[in-house]
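What follows is a short report on a single structure.
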Amino acid sequence: MEGAAVFRLLLALAMAPLVWGVGKRLRLRRAVPAFAAAYGLTVAAYAADVMDDVFTGGFFDSMHHVAYALVALSVVVGAVLARADVADAVGPQ
Amino acid sequence: MIGVASDILALVLFAVATVVIVSIPSGGNSPFSVGAKSFLLAAVAANTLVTIGSALRPTNVFPLLHDAQGGLELLWVPFSAFMAYSLYTRQQVLEVETLRRSAVQANEMLESIMHTTQTGIVVLDPTGAITFANGAARQLLDLEEAAGVGGWISISTGLDVGMESERKDFAALCTERKLSNVTLTVTWPNGWRRRLLVNTEPALREDGRLVEVVAAFVETEPWRTAAAQ
(Lines give C-alpha, C1' and ligand atoms only; values in the text may rest on other atoms or scores of the structure.)
Protein backbone atom coordinates (compact mmCIF):
# COMPACT_ATOMS: atom_id res chain seq x y z
CA MET A 1 0.00 0.00 0.00
CA GLU A 2 2.83 2.39 0.87
CA GLY A 3 4.61 1.62 -2.37
CA ALA A 4 1.42 2.22 -4.37
CA ALA A 5 0.80 5.58 -2.65
CA VAL A 6 4.37 6.73 -3.32
CA PHE A 7 4.19 5.54 -6.93
CA ARG A 8 0.92 7.45 -7.42
CA LEU A 9 2.43 10.62 -5.97
CA LEU A 10 5.54 10.36 -8.15
CA LEU A 11 3.47 9.70 -11.27
CA ALA A 12 1.29 12.74 -10.58
CA LEU A 13 4.39 14.89 -10.06
CA ALA A 14 5.94 13.51 -13.26
CA MET A 15 2.89 14.70 -15.21
CA ALA A 16 3.22 18.24 -13.82
CA PRO A 17 5.32 19.57 -16.79
CA LEU A 18 2.73 18.25 -19.26
CA VAL A 19 -0.19 19.75 -17.32
CA TRP A 20 1.69 23.05 -16.92
CA GLY A 21 2.82 23.17 -20.57
CA VAL A 22 -0.62 22.51 -22.04
CA GLY A 23 -2.49 24.54 -19.40
CA LYS A 24 -0.61 27.77 -20.03
CA ARG A 25 -1.32 27.54 -23.77
CA LEU A 26 -5.07 27.17 -23.32
CA ARG A 27 -7.22 30.19 -24.08
CA LEU A 28 -9.64 29.35 -21.22
CA ARG A 29 -8.00 32.02 -19.08
CA ARG A 30 -10.35 31.89 -16.10
CA ALA A 31 -10.89 28.12 -15.94
CA VAL A 32 -7.27 27.02 -16.21
CA PRO A 33 -6.14 28.36 -12.77
CA ALA A 34 -9.08 26.57 -11.12
CA PHE A 35 -8.26 23.27 -12.86
CA ALA A 36 -4.57 23.79 -11.99
CA ALA A 37 -5.64 24.20 -8.35
CA ALA A 38 -7.58 20.92 -8.61
CA TYR A 39 -4.44 19.23 -9.91
CA GLY A 40 -2.29 20.75 -7.14
CA LEU A 41 -4.78 19.67 -4.47
CA THR A 42 -4.79 16.16 -5.94
CA VAL A 43 -1.02 16.01 -5.52
CA ALA A 44 -1.51 17.30 -1.94
CA ALA A 45 -4.09 14.55 -1.30
CA TYR A 46 -1.66 11.92 -2.62
CA ALA A 47 1.11 13.38 -0.43
CA ALA A 48 -1.18 13.31 2.63
CA ASP A 49 -1.92 9.65 1.86
CA VAL A 50 1.81 8.88 1.80
CA MET A 51 2.28 10.75 5.07
CA ASP A 52 -0.66 8.87 6.59
CA ASP A 53 1.20 5.61 5.94
CA VAL A 54 4.22 7.00 7.81
CA PHE A 55 2.60 8.84 10.72
CA THR A 56 -0.23 7.45 12.81
CA GLY A 57 -2.86 9.57 14.55
CA GLY A 58 -5.29 10.19 11.72
CA PHE A 59 -4.28 13.80 11.02
CA PHE A 60 -2.97 13.13 7.52
CA ASP A 61 -5.92 10.83 6.81
CA SER A 62 -8.25 13.76 7.60
CA MET A 63 -6.10 16.03 5.42
CA HIS A 64 -6.39 13.48 2.61
CA HIS A 65 -10.22 13.66 2.81
CA VAL A 66 -10.25 17.46 3.12
CA ALA A 67 -7.93 17.75 0.11
CA TYR A 68 -10.38 15.65 -1.91
CA ALA A 69 -13.28 17.89 -0.90
CA LEU A 70 -11.22 20.89 -2.04
CA VAL A 71 -10.45 19.11 -5.32
CA ALA A 72 -14.21 18.74 -5.83
CA LEU A 73 -14.70 22.42 -5.04
CA SER A 74 -11.97 23.42 -7.52
CA VAL A 75 -13.56 21.25 -10.20
CA VAL A 76 -16.94 22.95 -9.65
CA VAL A 77 -15.33 26.41 -9.85
CA GLY A 78 -13.28 25.33 -12.89
CA ALA A 79 -16.36 23.97 -14.67
CA VAL A 80 -18.36 27.16 -13.99
CA LEU A 81 -15.47 29.34 -15.24
CA ALA A 82 -14.95 27.05 -18.26
CA ARG A 83 -18.62 27.52 -19.09
CA ALA A 84 -18.16 31.31 -18.95
CA ASP A 85 -14.92 31.14 -21.03
CA VAL A 86 -16.65 29.03 -23.69
CA ALA A 87 -19.60 31.45 -23.79
CA ASP A 88 -17.13 34.33 -24.34
CA ALA A 89 -15.24 32.41 -27.06
CA VAL A 90 -18.37 31.35 -28.93
CA GLY A 91 -20.06 34.74 -28.59
CA PRO A 92 -23.77 35.48 -28.81
CA GLN A 93 -25.64 32.76 -30.72
CA MET B 1 -15.44 12.90 11.75
CA ILE B 2 -13.67 15.45 9.55
CA GLY B 3 -13.08 12.69 7.05
CA VAL B 4 -16.76 11.72 6.81
CA ALA B 5 -17.91 15.37 6.56
CA SER B 6 -15.31 16.01 3.83
CA ASP B 7 -16.44 12.94 1.90
CA ILE B 8 -20.11 14.01 2.02
CA LEU B 9 -19.16 17.55 0.94
CA ALA B 10 -17.00 16.14 -1.88
CA LEU B 11 -19.86 13.93 -3.10
CA VAL B 12 -22.26 16.89 -3.22
CA LEU B 13 -19.66 19.03 -5.01
CA PHE B 14 -18.86 16.30 -7.53
CA ALA B 15 -22.59 16.00 -8.29
CA VAL B 16 -22.78 19.78 -8.85
CA ALA B 17 -19.63 19.61 -11.02
CA THR B 18 -21.22 16.88 -13.15
CA VAL B 19 -24.29 19.04 -13.81
CA VAL B 20 -22.14 22.09 -14.68
CA ILE B 21 -19.80 20.07 -16.95
CA VAL B 22 -22.75 18.57 -18.84
CA SER B 23 -24.11 22.09 -19.42
CA ILE B 24 -20.85 23.39 -20.98
CA PRO B 25 -21.50 23.98 -24.70
CA SER B 26 -19.37 21.73 -26.90
CA GLY B 27 -18.97 21.12 -30.62
CA GLY B 28 -19.32 23.73 -33.36
CA ASN B 29 -17.01 26.65 -32.69
CA SER B 30 -16.75 25.93 -28.96
CA PRO B 31 -13.17 25.36 -27.71
CA PHE B 32 -14.55 22.78 -25.27
CA SER B 33 -14.80 19.64 -27.40
CA VAL B 34 -16.97 16.61 -26.69
CA GLY B 35 -13.75 14.68 -25.97
CA ALA B 36 -12.57 17.20 -23.37
CA LYS B 37 -15.98 17.12 -21.73
CA SER B 38 -16.00 13.31 -21.64
CA PHE B 39 -12.52 13.14 -20.09
CA LEU B 40 -13.50 15.67 -17.43
CA LEU B 41 -16.67 13.72 -16.64
CA ALA B 42 -14.65 10.48 -16.46
CA ALA B 43 -12.18 12.15 -14.08
CA VAL B 44 -15.03 13.40 -11.87
CA ALA B 45 -16.67 9.95 -11.95
CA ALA B 46 -13.39 8.30 -10.86
CA ASN B 47 -13.05 10.73 -7.97
CA THR B 48 -16.71 10.27 -7.01
CA LEU B 49 -16.18 6.49 -6.78
CA VAL B 50 -13.07 7.10 -4.66
CA THR B 51 -15.08 9.32 -2.31
CA ILE B 52 -17.97 6.81 -2.11
CA GLY B 53 -15.49 4.02 -1.33
CA SER B 54 -13.87 6.21 1.31
CA ALA B 55 -17.22 7.20 2.89
CA LEU B 56 -18.40 3.55 3.01
CA ARG B 57 -15.12 2.28 4.45
CA PRO B 58 -16.32 2.13 8.12
CA THR B 59 -19.48 0.22 7.12
CA ASN B 60 -17.52 -2.36 5.12
CA VAL B 61 -20.11 -2.12 2.32
CA PHE B 62 -18.64 -2.54 -1.18
CA PRO B 63 -15.15 -3.55 0.04
CA LEU B 64 -14.14 -4.03 -3.61
CA LEU B 65 -14.65 -0.32 -4.19
CA HIS B 66 -12.32 0.47 -1.32
CA ASP B 67 -9.73 -1.99 -2.58
CA ALA B 68 -9.83 -0.33 -5.98
CA GLN B 69 -9.54 3.14 -4.44
CA GLY B 70 -5.82 3.51 -5.11
CA GLY B 71 -6.20 2.80 -8.82
CA LEU B 72 -9.31 4.94 -9.15
CA GLU B 73 -7.57 7.87 -7.46
CA LEU B 74 -4.75 7.62 -9.94
CA LEU B 75 -7.14 7.79 -12.90
CA TRP B 76 -7.97 11.40 -12.03
CA VAL B 77 -4.55 12.65 -13.18
CA PRO B 78 -4.37 11.04 -16.66
CA PHE B 79 -8.04 11.86 -17.33
CA SER B 80 -7.36 15.50 -16.45
CA ALA B 81 -4.26 15.49 -18.67
CA PHE B 82 -6.27 14.01 -21.57
CA MET B 83 -8.93 16.68 -21.03
CA ALA B 84 -6.32 19.45 -21.17
CA TYR B 85 -4.71 17.97 -24.29
CA SER B 86 -8.11 17.56 -25.96
CA LEU B 87 -8.93 21.20 -25.19
CA TYR B 88 -5.56 22.29 -26.56
CA THR B 89 -5.98 20.30 -29.80
CA ARG B 90 -9.47 21.71 -30.30
CA GLN B 91 -8.14 25.22 -29.69
CA GLN B 92 -5.40 24.74 -32.31
CA VAL B 93 -7.94 23.46 -34.86
CA LEU B 94 -10.20 26.47 -34.23
CA GLU B 95 -7.27 28.89 -34.61
CA VAL B 96 -6.23 27.33 -37.93
CA GLU B 97 -9.85 27.46 -39.12
CA THR B 98 -10.11 31.15 -38.14
CA LEU B 99 -6.87 31.93 -40.01
CA ARG B 100 -8.07 30.03 -43.09
CA ARG B 101 -11.41 31.87 -43.06
CA SER B 102 -9.75 35.30 -42.82
CA ALA B 103 -7.29 34.35 -45.59
CA VAL B 104 -10.19 33.32 -47.86
CA GLN B 105 -12.03 36.58 -47.08
CA ALA B 106 -8.91 38.68 -47.75
CA ASN B 107 -8.34 36.79 -51.02
CA GLU B 108 -11.93 37.34 -52.14
CA MET B 109 -11.72 41.06 -51.32
CA LEU B 110 -8.42 41.37 -53.19
CA GLU B 111 -9.84 39.58 -56.23
CA SER B 112 -12.92 41.81 -56.32
CA ILE B 113 -10.69 44.90 -56.15
CA MET B 114 -8.50 43.56 -58.97
CA HIS B 115 -11.45 42.72 -61.16
CA THR B 116 -13.14 46.11 -60.75
CA THR B 117 -10.10 48.32 -61.35
CA GLN B 118 -9.43 49.80 -64.82
CA THR B 119 -5.73 49.06 -64.44
CA GLY B 120 -4.63 45.84 -66.12
CA ILE B 121 -2.94 43.45 -63.67
CA VAL B 122 -1.18 40.22 -64.62
CA VAL B 123 0.86 37.78 -62.57
CA LEU B 124 3.77 36.20 -64.44
CA ASP B 125 5.84 33.16 -63.51
CA PRO B 126 9.65 33.40 -63.90
CA THR B 127 9.42 32.25 -67.54
CA GLY B 128 7.05 35.10 -68.43
CA ALA B 129 3.90 32.96 -68.69
CA ILE B 130 0.73 34.59 -67.40
CA THR B 131 -0.70 32.79 -64.37
CA PHE B 132 -3.38 35.35 -63.51
CA ALA B 133 -5.02 38.25 -65.34
CA ASN B 134 -7.72 40.59 -64.09
CA GLY B 135 -10.66 41.78 -66.20
CA ALA B 136 -8.92 44.91 -67.52
CA ALA B 137 -5.82 42.90 -68.48
CA ARG B 138 -7.94 40.32 -70.29
CA GLN B 139 -9.56 43.09 -72.30
CA LEU B 140 -6.36 45.02 -73.05
CA LEU B 141 -4.31 41.94 -74.02
CA ASP B 142 -7.18 39.96 -75.55
CA LEU B 143 -6.60 37.01 -73.19
CA GLU B 144 -8.65 34.03 -72.24
CA GLU B 145 -8.10 31.33 -69.64
CA ALA B 146 -6.71 28.04 -70.93
CA ALA B 147 -9.28 25.39 -70.03
CA GLY B 148 -7.83 22.59 -67.92
CA VAL B 149 -4.34 24.04 -67.97
CA GLY B 150 -4.74 26.27 -64.97
CA GLY B 151 -2.88 29.14 -66.59
CA TRP B 152 -3.57 31.91 -69.05
CA ILE B 153 -2.84 32.03 -72.76
CA SER B 154 -3.27 34.61 -75.43
CA ILE B 155 -5.89 33.75 -78.01
CA SER B 156 -4.03 35.90 -80.56
CA THR B 157 -1.50 33.44 -81.91
CA GLY B 158 1.78 35.12 -82.69
CA LEU B 159 1.12 37.99 -80.31
CA ASP B 160 4.31 40.01 -80.15
CA VAL B 161 5.05 41.79 -76.91
CA GLY B 162 8.06 44.06 -76.79
CA MET B 163 9.71 46.66 -74.68
CA GLU B 164 10.09 50.02 -76.35
CA SER B 165 12.61 49.66 -79.20
CA GLU B 166 13.42 46.01 -78.41
CA ARG B 167 11.38 42.95 -79.23
CA LYS B 168 10.94 40.61 -76.30
CA ASP B 169 8.04 38.76 -74.73
CA PHE B 170 6.64 39.12 -71.21
CA ALA B 171 9.80 37.46 -69.85
CA ALA B 172 11.44 40.89 -70.16
CA LEU B 173 9.36 41.97 -67.19
CA CYS B 174 10.54 39.04 -65.09
CA THR B 175 13.52 40.45 -63.25
CA GLU B 176 14.43 40.54 -59.58
CA ARG B 177 14.14 44.33 -59.55
CA LYS B 178 11.12 46.57 -59.75
CA LEU B 179 10.34 48.24 -63.09
CA SER B 180 8.71 51.67 -63.05
CA ASN B 181 6.89 53.35 -65.92
CA VAL B 182 8.29 51.08 -68.63
CA THR B 183 6.61 51.40 -72.01
CA LEU B 184 5.52 48.08 -73.51
CA THR B 185 4.23 47.68 -77.01
CA VAL B 186 1.91 44.79 -77.76
CA THR B 187 1.51 43.93 -81.41
CA TRP B 188 -1.17 41.60 -82.79
CA PRO B 189 -0.55 39.46 -85.91
CA ASN B 190 -2.83 41.66 -87.98
CA GLY B 191 -0.71 44.72 -87.17
CA TRP B 192 -2.89 46.23 -84.46
CA ARG B 193 -0.92 47.44 -81.50
CA ARG B 194 -1.30 48.89 -78.07
CA ARG B 195 1.21 50.89 -76.09
CA LEU B 196 1.12 50.26 -72.35
CA LEU B 197 2.79 51.92 -69.36
CA VAL B 198 3.93 49.12 -67.01
CA ASN B 199 5.01 48.92 -63.37
CA THR B 200 6.16 45.64 -61.83
CA GLU B 201 6.61 44.22 -58.36
CA PRO B 202 8.69 41.02 -58.11
CA ALA B 203 8.01 38.43 -55.40
CA LEU B 204 11.25 36.84 -54.23
CA ARG B 205 12.11 33.82 -52.12
CA GLU B 206 14.30 34.17 -49.04
CA ASP B 207 17.33 33.14 -51.15
CA GLY B 208 16.57 35.97 -53.61
CA ARG B 209 15.19 33.77 -56.41
CA LEU B 210 12.25 35.08 -58.40
CA VAL B 211 8.88 33.41 -57.65
CA GLU B 212 6.52 35.59 -59.67
CA VAL B 213 6.07 39.12 -60.93
CA VAL B 214 2.97 41.25 -60.56
CA ALA B 215 2.69 43.69 -63.47
CA ALA B 216 0.18 46.54 -63.54
CA PHE B 217 -0.36 48.55 -66.69
CA VAL B 218 -2.50 51.23 -68.30
CA GLU B 219 -2.89 52.09 -71.98
CA THR B 220 -0.93 55.21 -72.91
CA GLU B 221 -2.25 55.58 -76.45
CA PRO B 222 -5.54 54.52 -77.94
CA TRP B 223 -5.77 51.32 -79.97
CA ARG B 224 -4.28 51.76 -83.43
CA THR B 225 -3.46 49.81 -86.51
CA ALA B 226 0.00 49.45 -88.01
CA ALA B 227 -1.04 51.62 -90.96
CA ALA B 228 -2.12 54.45 -88.71
CA GLN B 229 1.27 54.40 -86.99
Side-chain angles (χ1 to χ4, degrees), chain A residues 1 3-5 7-9 11-16 18-28 31-32 35-36 38-39 41-43 45-46 49 58-59 61-91 93, chain B residues 1-32 36-37 40-41 43-44 47-48 50-51 54-55 57 67 69-71 73-78 80-92 94-95:
Chain A
M1 183 61 192
F7 170 73
R8 198 173 56 200
L9 177 63
L11 198 64
L13 287 171
M15 291 185 85
L18 172 73
V19 174
W20 171 257
V22 173
K24 73 177 184 181
R25 285 178 175 80
L26 288 175
R27 294 279 185 275
L28 304 176
V32 164
F35 285 127
Y39 173 78
L41 285 164
T42 304
V43 174
Y46 291 174
D49 203 22
F59 173 75
D61 185 53
S62 298
M63 286 302 102
H64 178 72
H65 290 268
V66 170
Y68 258 95
L70 291 173
V71 169
L73 183 65
S74 304
V75 173
V76 172
V77 173
V80 170
L81 294 176
R83 202 169 181 278
D85 281 334
V86 169
D88 285 351
V90 173
Q93 296 295 303
Chain B
M1 187 60 195
I2 293 173
V4 175
S6 300
D7 286 343
I8 293 168
L9 180 65
L11 280 173
V12 172
L13 289 171
F14 279 135
V16 173
T18 305
V19 173
V20 178
I21 292 164
V22 168
S23 71
I24 295 174
S26 58
N29 54 349
S30 164
F32 220 99
K37 208 161 136 174
L40 186 55
L41 277 174
V44 167
N47 261 5
T48 307
V50 168
T51 314
S54 181
R57 188 179 180 181
D67 291 344
Q69 197 174 329
E73 268 189 68
L74 186 57
L75 283 177
W76 161 256
V77 175
S80 304
F82 284 139
M83 177 204 68
Y85 185 70
S86 183
L87 271 169
Y88 180 64
T89 312
R90 174 75 181 159
Q91 184 179 289
Q92 297 295 97
L94 283 176
E95 279 171 15

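Keep in mind that this is a model prediction, so the values were computed, not measured. In what follows, chains are A, B, ... by sequence order, proteins preceding strands, each numbered from 1.
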Taken to the nearest 0.5 Å, the spacing of Arg83(A) CZ from Ile21(B) CD1 works out to 12.0 Å
Can you name the closest pair of heavy atoms from Ser6(B) and Ala69(A) and give their distance? O-CB, 3.6 Å
For a side-chain contact (heavy atoms from CB on, under 4.5 Å) check, start with the C-alpha distance between Val44(B) and Val75(A), then their side-chain angles and the critical distance, and finish with the verdict. CA-CA 8 Å; Val44(B) 167; Val75(A) 173; 3.7 Å; yes
What are the two closest non-hydrogen atoms of Pro25(B) and Val86(A), and how far apart are they? O-CG1, 3.6 Å
Say whether, by atom type as modelled, one donor and one acceptor occur between the side chain of Tyr46(A) and the main chain of Glu73(B) under 3.5 angstrom. yes
Leading residue by heavy atom contact count with chain B [cutoff under 4.5 Å; candidates Leu28(A), Val32(A), Leu18(A)]: Leu28(A)
Starting at CZ of Phe35(A), measure out to OG of Ser80(B) and round the result to the nearest 0.5 Å. 8.5 Å
What part of Ala38(A) gets closer than 4.5 Å to chain B, counting heavy atoms only: side chain, backbone, both or neither? both
Would you please name every residue forming a side-chain hydrogen bond (donor to acceptor under 3.5 Å, both in side chains) with Arg27(A), sequence neighbours left out? Glu95(B)
Rounded distance (nearest 0.5 Å) linking atom CG of Leu87(B) with atom CZ of Arg25(A): 14.5 Å
Max heavy-atom pair count under 4.5 Å with chain A, selected residue of Val16(B), Asp7(B), Leu9(B): Asp7(B)
Nearest heavy-atom approach of Pro78(B) to Met15(A) is CA-CE, 4.0 Å
Examine whether an atom of Ser30(B) lies under 4.5 Å from a heavy atom of chain A, and if so say whether it belongs to the side chain, the backbone or both; otherwise answer neither. both
Which atoms of Leu26(A) approach chain B - backbone, side chain, both or neither, heavy atom under 4.5 Å: both
Residues forming a side chain to side chain contact (heavy atoms under 4.5 Å, CB included) with Arg90(B), sequence neighbours excluded: Ser33(B), Leu94(B)
Which heavy atom in Val71(A) sits nearest to a heavy atom in Asn47(B), and how many Å separate them? CG1-ND2, 3.7 Å
What part of Leu40(B) is in contact with chain A, defined as an atom under 4.5 angstrom from a non-hydrogen atom: side chain, backbone, both or neither? side chain
By a 4.5 Å heavy-atom criterion (distance strictly below it), what part of Val4(B) contacts chain A: side chain, backbone, both, or neither? neither
Taking side chain as C-beta onward, heavy atoms only, is Val77(B) less than 4.5 Å from Leu11(A)? no
Can you tell me which portion of Ser23(B) sits under 4.5 Å from chain A's heavy atoms? Options are side chain, backbone, both or neither. both
